[in-house]
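Model, not experiment: these values are computed from the prediction.
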Amino acid sequence: MATVSRALNGHGNVAEEVRRRVLAAANELRYTPHAAARSLSSRRTQTLGVVLPDLHGEFFSELVRGIDQVAREHRLHLLVSSYHGHPEEQGAALRAMRGRVDGLLVMSPFVASSSPLAEELAPTLPTVLINTQHATAGVISLGVDNYGGAVAMVEHLVASGHRRIAFIAGPSDNYDAHERLRGYRDALQRLLPDAEEWVLPGDFDEASGHQAGLELLGSKHRPDAVFAANDMMALGCLFVFAQGGVDVPGEIALAGFDDIPLARYVHPTLTTMRVNIAELGARAARLLLTQIAGEALADEGREALRPELIVRASSAPVESERSKRE
C-alpha cells in the first residue's frame with residue numbers, strides 16, 4: 001500500500017518498473033485518488049477558490065483564464081463562485097468556500113460602505129484581494145491603476161485636438177469606475193480648465209453605452225470625443241453612432257478602457273487603455289500560492305498594474321481628419 005501511494009503521488013523513491021506497473025493497474029481499474037481522503041491526510045484540498053462579482057463578459061473570462069493557467073501549472077483545481085453583482089450576497093459566497101479551498105482570490109470592486117468584506121474573510125485562510133478599494137489588515141491586495149489610466153486617456157484626447165470630451169461612467173458603487181471617473185475629472189480640470197465636464201451614467205455593459213450614445217446624438221451640441229469607462233460601453237456607443245450616421249472619428253472620436261479582444265475587431269478599431277486582464281489574474285494567483293507556501297512576498301508583486309495606451313483608428317487627431325476631408 002505504501003509503495004502504491006508513493007507511485008501515485010509521484011514520489012522519487014519508487015523503482016521505475018514498479019511505478020509503471022502501479023500506473024498501468026490504476027489505469028486498467030480506472031482508479032482515481034479520493035480527493036476528500038487526500039485532503040484529510042495532507043490538510044490540503046489542492047483547490048483555489050475564486051469569488052467574483054459576476055461571470056458574464058470578457059473581463060471575467062480573461063481574469064479566470066489567467067488564474068487557471070497558474071493553477072494548471074501547479075496541478076491545482078479552481079472552485080469559482082459569483083455573487084451576481086449583489087454586495088449582500090458576497091458573504092454567502094465567501095462562507096461557502098471555507099473548508100473547500102486552500103486559499104481565496106476575491107474581487108470586491110464595491111466602495112467600502114457597501115460591502116463589509118473584512119467581516120467575511122476567514123483570518124486563517126490565505127487570501128488575495130483583486131481591485132478592492134481598501135486593503136484589509138493582513139490581506140494582500142492587487143489592482144489596476146485605473147486613475148492613472150483615465151488620466152492618460154484624457155491626455156491623449158486633448159493632445160489629439162479634442163476639447164469637448166464626454167465621459168460614460170461606470171456603476172456608482174464600483175471602485176474601478178470611481179477611479180476612472182476621478183481620473184477623467186482631474187485631467188480635464190488640469191488640461192482644459194475652462195471646459196465643463198460631461199458625465200453620462202453607465203453600468204459597464206453594452207446597453208448602458210447604447211443609451212449614452214442615444215443621449216449624445218440627441219444633444220444640441222455634440223462632443224468632440226467620448227471616453228467610455230470600459231470597452232463594452234464604448235462598443236454600445238459605437239453601434240449607436242454607426243446607426244445614426246456619425247463618422248467616428250471624423251465627427252466624434254471614441255475611446256474605451258480594458259482592451260478586451262473584441263476592441264481590435266470592430267470598425268473603426270477602438271482606442272483604449274490596455275489592461276492585461278489575464279496577467280492580473282495570473283499575478284494574483286502566484287501571490288496566493290506564495291502565501292499558501294508560507295514564503296516571503298516581494299513588494300513588487302503587489303504593485304498596481306499600469307494600463308497601456310493603445311491608439312487605434314477611433315481617435316485619430318483632429319488635424320488628420322480635417323486634412324482627410326479637404
Side-chain angles (χ1 to χ4, degrees), residues 47-71 76 78-98 100-122 125-136 138-147 149 170-180 203-205 229-232 257-260 273 275-289 291-292 301-307:
T47 302
L48 302 181
V50 183
V51 178
L52 302 173
D54 205 341
L55 299 178
H56 173 72
E58 293 192 57
F59 180 93
F60 295 110
S61 65
E62 282 292 291
L63 187 74
V64 172
R65 184 171 69 87
I67 296 169
D68 184 57
Q69 286 175 341
V70 174
L76 300 174
L78 296 182
L79 181 59
V80 182
S81 180
S82 166
Y83 47 93
H84 311 291
H86 299 295
E88 63 275 9
E89 294 182 17
Q90 180 177 260
L94 291 171
R95 290 190 294 273
M97 291 285 178
R98 295 176 187 173
R100 300 182 179 184
V101 299
D102 297 327
L104 268 179
L105 294 165
V106 182
M107 175 174 278
S108 182
F110 306 103
V111 294
S113 60
S114 62
S115 177
L117 179 62
E119 300 173 9
E120 300 293 351
L121 294 177
L125 184 63
T127 301
V128 173
L129 304 178
I130 304 172
N131 282 15
T132 301
Q133 181 176 12
H134 294 297
T136 301
V139 180
I140 299 163
S141 184
L142 184 66
V144 174
D145 184 9
N146 291 291
Y147 175 85
S172 60
D173 64 348
N174 183 284
Y175 177 58
D176 290 353
H178 179 270
E179 287 297 282
R180 293 174 189 183
D203 200 29
F204 275 171
D205 59 10
N230 79 343
D231 288 344
M232 300 307 290
F257 203 117
D258 288 335
D259 194 29
I260 62 174
M273 295 303 302
V275 177
N276 192 331
I277 304 167
E279 175 56 26
L280 175 65
R283 185 182 294 190
R286 287 192 290 266
L287 284 172
L288 182 61
L289 291 178
Q291 189 180 5
I292 291 172
R302 285 171 275 180
E303 291 180 354
L305 288 179
R306 296 182 179 179

d(Ser82 OG, Leu52 CG) to nearest 0.5 Å is 7.0 Å
To the nearest 0.5 Å, atom CE of Met107 lies from atom CG of Leu142 at 9.5 Å
Note to self: Whether the side chain of Asp231 engages the backbone of Ile260 through a donor-acceptor N/O pair (distance < 3.5 Å, no angle test) should be reported.
What the structure shows: yes
Can you find a heavy atom in the side chain of Met232 that is under 4.5 Å from one in the side chain of Asp205? no
What one should report as the nearest heavy-atom pair of Gly170 and Ala229 is N-CB, 3.9 Å
Looking only at heavy atoms, the pair that brings Ala177 and Pro171 closest together is CB-O, 3.5 Å
Please tabulate, for side-chain N and O atoms in residues 58-68, each donor-acceptor pair with protein atoms closer than 3.5 Å (sequence neighbours left out).
from	atom 1	to	atom 2	distance (Å)
Ser61	OG	Glu58	O	3.0
Glu62	OE1	Arg65	NH2	2.9
Glu62	OE2	Arg65	NE	3.1
Asp68	OD2	Arg72	NE	3.1

field: Close side-chain approach of Leu104 and Leu94, heavy atoms under 4.5 Å
entry: yes
d(Thr127 OG1, Leu288 CG) to nearest 0.5 Å is 7.5 Å
- Above 12 or not: heavy atoms from other molecules or residues under 6.0 Å from CZ of Arg98? yes
Report task. May I have the step-by-step check of side chain to side chain contact (heavy atoms under 4.5 Å, CB included) for Ile130 and Leu280, ending in yes or no? Result -> CA-CA 8 Å; Ile130 304 172; Leu280 175 65; 4.0 Å; yes
| request: Carefully, step by step, assess Val106 and Val128 under the rule side chain to side chain contact (heavy atoms under 4.5 Å, CB included). | output: CA-CA 6 Å; Val106 182; Val128 173; over 6 Å; no
*Side-chain contact, heavy-atom cut-off 4.5 Å: Phe204 with Asn174?*
yes
Check your understanding: Side chains of Val101 and Leu48: closer than 4.5 Å at any heavy-atom pair?
Key -> no
Those residues at least two apart in sequence (or on a different chain) that pass ring pair (Phe, Tyr, Trp, His ring centres under 6.0 Å) with Tyr83 are Phe110
CZ (Arg95) and OG (Ser81) are apart, to the nearest 0.5 Å, by 11.5 Å
Side chain to side chain, Leu79 and Met97, heavy atoms closer than 4.5 Å
yes
Report task. Would you tell me whether Asn131 and Asp176 have side-chain atoms, one donor and one acceptor, within less than 3.5 Å of each other? Result -> yes
The side chain to side chain contact (heavy atoms under 4.5 Å, CB included) partner of Val144 among Val275, Asp258, Asn276 is Val275
NE2 (His84) and CD (Gln90) are apart, to the nearest 0.5 Å, by 12.5 Å
task: Before accepting this row, confirm whether a basic side-chain N of the pair Arg180/Asp145 lies closer than 4.0 Å to the acidic partner's carboxylate O.
output: no
In this structure, CD of Gln291 is separated from CD1 of Ile140 (nearest 0.5 Å) by 4.0 Å
Heavy atoms of Leu78 and Ala71 approach each other most closely as CD2-CB, 3.9 Å
